[in-house]
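Written out below as structure tokens is the structure these notes cover.
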Number of protein chains: 2
Amino acid sequence: MSIDPIDIPIGEPQVREAAKRLAPWAHVTPVITSRTLDSRAGCAVHLKCENLQRVGAFKFRGAMNALLQLDDEAKGRGVVTHSSGNHGQALALAGSLLGIPVTVVVPRTAPAIKQAAMTGYGATIRLCEPTLAAREAAVAEEIAEKGLTLIHPFDYWDVIAGQATAAWELLDQAGPLDAVVVPVGGGGLISGTAIAVKARSPQTLVIGVEPERADDARRSLISGKVEPSGDPHTIADGLRTSLGERPFAVISRLVDRIETASEAGIVDALRFLWERLKIVVEPSSAVVVAPLLERRLDLEGRRVGAILSGGNVDLGPFFDAMAARWL
Amino acid sequence: MSIDPIDIPIGEPQVREAAKRLAPWAHVTPVITSRTLDSRAGCAVHLKCENLQRVGAFKFRGAMNALLQLDDEAKGRGVVTHSSGNHGQALALAGSLLGIPVTVVVPRTAPAIKQAAMTGYGATIRLCEPTLAAREAAVAEEIAEKGLTLIHPFDYWDVIAGQATAAWELLDQAGPLDAVVVPVGGGGLISGTAIAVKARSPQTLVIGVEPERADDARRSLISGKVEPSGDPHTIADGLRTSLGERPFAVISRLVDRIETASEAGIVDALRFLWERLKIVVEPSSAVVVAPLLERRLDLEGRRVGAILSGGNVDLGPFFDAMAARWL
């Protein structure tokens with residue numbers, strides 16, 4: 001593996017500062033345990049419930065931490081990003097709490113409900129064609145014309161430092177852990193997690209899990225450079241994106257292993273979490289529970305933390321069917 | 001309203017004893033709060049999460065409390081009940097934990113998955129035709145031939161005392177409350193709740209909520225006797241049954257008000273709890289949240305407890321659709 005040239009400018013001090021900075025704004029999400037889960041997984045699992053974070057995902061931590069560090073001039077001009085998912089909503093809420101104008105570049109094909117969630121927090125939506133080139137052109141235009149600051153969903157150190165606070169809290173709440181298991185999408189959460197965990201407890205394993213069908217982190221570690229993800233057909237919609245360069249630099253140095261989860265394993269884990277633990281999580285969260293239930297991580301008897309990244313899942317069809325039957 | 005002749009043999013001492021008796025067996029379920037819910041409801045709501053109780057419903061409390069008080073001879077002969085829902089599962093688990101044989105009389109038409117859940121805990125299933133007469137005949141036969149003890153799902157004082165422990169815990173966890181809102185089905189939960197709440201805090205209102213389409217408690221209080229429920233078409237499957245005589249005796253003396261929830265209100269509240277609070281509850285639980293969201297209980301600015309009775313809902317069609325799309 002080649003040595004990545006990117007310097008990692010955040011460590012324990014930046015994570016501590018981020019945690020302090022976020023304290024008035026973000027929830028300290030609960031950590032839950034389950035005898036049923038432990039008996040299925042063969043280890044003591046501590047689930048960090050970021051599905052209960054504001055906007056229903058860890059993304060609020062990074063977005064808020066980034067906005068809180070802009071200077072007043074940048075705050076006044078506003079920020080732009082290009083996520084129609086959890087980061088877009090998180091940035092919209094963070095901006096609304098701080099009075100910072102937020103513009104989100106969204107492909108025309110994005111579900112109306114997601115756009116509505118962002119405009120509900122006062123964000124401006126700029127629609128573009130659903131191509132990478134169109135998206136980048138739109139973002140560049142917003143930056144050039146209005147002087148907006150780009151708050152990238154994951155390839156941005158202040159965002160990564162914010163995401164790191166979830167694992168930081170988990171260590172406070174759960175006590176010493178032998179391993180922390182975390183999903184891998186663009187890499188903001190796992191790189192923040194690795195920085196936080198290795199700073200406080202170097203012997204604790206940090207294990208990333210990604211869908212088999214979106215195994216770009218695994219491939220990137222093998223080739224030594226960021227490999228593109230394409231547009232993988234996985235139910236874990238939050239994990240379809242390719243790794244960022246900054247997250248890759250962290251992952252290649254601090255993450256112990258990348259594992260994968262099959263689509264069937266993800267759906268089984270999702271069903272387990274809903275039916276047995278009675279918590280609503282999104283498929284990206286179930287990705288970390290799948291290999292635990294299948295006992296594929298060689299963690300029998302260990303104390304394990306797992307980060308449930310979010311709980312935003314489209315229940316529309318389910319409730320429409322319910323309404324059609326009962327109303 | 002006529003004075004009900006049934007004496008109420010349980011009060012604070014029996015609830016305290018039940019709580020002590022259940023301590024090694026039942027979960028102390030969490031109480032959760034939500035700023036979003038409070039702002040929608042206009043009051044400070046404390047949700048008692050019995051969806052996180054063993055077998056996913058408060059029913060485990062009553063079933064276990066009843067079995068723990070049988071004498072050794074009765075324990076050896078075993079028990080019988082006639083619920084294919086949460087009480088059947090709760091009794092099956094309680095029996096399996098205590099080594100007491102459990103027989104459940106189940107209509108042939110009950111879903112195979114519910115029968116499997118009970119046999120999974122070691123219960124014996126006796127199928128009968130789906131009529132009240134067939135069910136009662138089957139139960140009577142089990143009692144006459146095998147000397148089994150009937151553990152009625154709600155018309156049974158030790159069951160009611162067990163259900164009372166949920167509200168007892170809620171008062172410990174949430175502090176003083178102006179009102180406790182609780183669903184009304186057969187009446188075991190609401191009568192236990194009323195006994196517990198009025199014993200400790202007589203000024204706290206106890207408000208029952210039932211589906212508009214299953215408003216037998218409301219009608220029973222007007223007529224002064226138990227009015228049958230028929231087979232109401234409500235999504236709140238746990239609340240379709242008629243009130244028991246013992247619960248009715250308690251309700252008519254200790255419950256302050258009975259309110260109703262529309263089917264649309266129940267579905268809205270269910271969706272709110274799943275999407276915003278990220279918790280899986282069954283429709284019977286959403287029944288108590290519906291009038292809070294609609295601000296129909298005249299509790300603005302108050303401290304309110306609400307008991308979420310359970311979380312067992314059939315997600316089969318939802319996950320089947322997911323599997324068909326992704327696997």
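Because the structure is a prediction, the values reported are computed rather than measured. Proteins get letters first, then strands, A, B, ... in listed order; numbering begins at 1 in each.
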- Closest non-hydrogen atom pair between A/T29 and A/L52, with its separation: CG2-C, 3.9 Å
- Item | Contact class of B/L270 relative to chain A, heavy atoms under 4.5 angstrom | both
- Item | Side chain B/E210, main chain B/A217, donor-acceptor under 3.5 Å | yes
- Task: Measure B/R213 against the heavy atoms of chain A and call it side chain, backbone, both or neither at under 4.5 Å.
- Result: side chain
- Find the one option among B/N312, B/L315, B/V281, B/I279 whose heavy-atom pairs under 4.5 Å with chain A are most numerous. B/L315
- Verify whether one side chain among A/K114 and A/N86 offers a donor that lies under 3.5 Å from an acceptor in the other. no
- Item | Over 12 non-hydrogen atoms of neighbours within 6.0 angstrom of CG in A/D320 | yes
- Note on the structure: Turns out that what part of B/T36 lies under 4.5 Å from chain A's heavy atoms comes down to neither
- Note on the structure: Under 4.5 Å to a heavy atom of chain B? For A/T234 that would be backbone
- Message: Tell me whether B/R303 at atom CZ has more than 12 heavy atoms from other residues, nucleotides or ligands lying less than 6.0 Å away.
- Response: yes
- When only pairs under 4.5 Å are counted, which of B/M322, B/H233, B/R325 shares the most heavy-atom pairs with chain A? B/H233
